[in-house]
Amino acid sequence: MTRLRRDPRLRPAPHVSGEERTLVTPLSAPVSQSLTRARLHDVEHTRVQEPQRFREHLRKALNRRRRFTADASHELPILWPGYAPG
């Protein structure tokens, strides 16, 4: 396992004791892993929701088109008396 090189600009906070650092350091890996898993879960959740939103949008658009077509077919004979749907 290779050690990560520390950024020389980063210095430990002076108020953190060696004992506290020893306690917190082992917790950093599981916390990091949990955050990564949460991000992956969010990405997967978004991928699942996008097609559902698209289907809902498409359903609404088709309903609007169907209503428009039905309304227009009833209005055309009024607007153009010689019009016969066919």
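The figures here come from the full heavy-atom set of this structure, side chains too, leaving out hydrogens, waters and symmetry mates.
- Cluster partners of Val31 are Leu35, counting Ile, Leu, Val, Met, Phe, Trp and Tyr whose side-chain heavy atoms approach within less than 4.5 Å, directly or via other members.
- Remark: Gln33 pairs with no residue by the side chain to side chain donor-acceptor pair (under 3.5 Å) rule, at least two apart or across chains.
- Residue Arg53 places its CZ atom among more than 12 non-hydrogen atoms of other residues, nucleotides or ligands, all under 6.0 Å distant.
- Side-chain atoms of Ser28 come within 3.5 Å of backbone atoms of Thr25 as a donor-acceptor pair (strictly under, hydrogens ignored).
- Between the CZ atom of Arg64 and the OG1 atom of Thr69 there is a distance of 12.5 Å, given to the nearest 0.5 Å.
- Grouped with Val48 in a hydrophobic cluster is no other residue, since no side-chain heavy-atom contact under 4.5 Å to another Ile, Leu, Val, Met, Phe, Trp or Tyr is found.
- For Arg59, the side chain to side chain contact (heavy atoms under 4.5 Å, CB included) test picks out Glu56, Asn63, with sequence neighbours left out.
- Residue pairs that meet the salt bridge (charged side-chain N to carboxylate O under 4.0 Å, His left out) test with at least one member in residues 27-52, sequence neighbours left out, do not exist here.
- Applying the side chain to side chain donor-acceptor pair (under 3.5 Å) test to His45 and every residue at least two apart in sequence or in another chain returns Gln49.
- Taking CZ of Arg67 as the reference point, atom CG of Leu62 lies at 11.0 Å (rounded to 0.5 Å).
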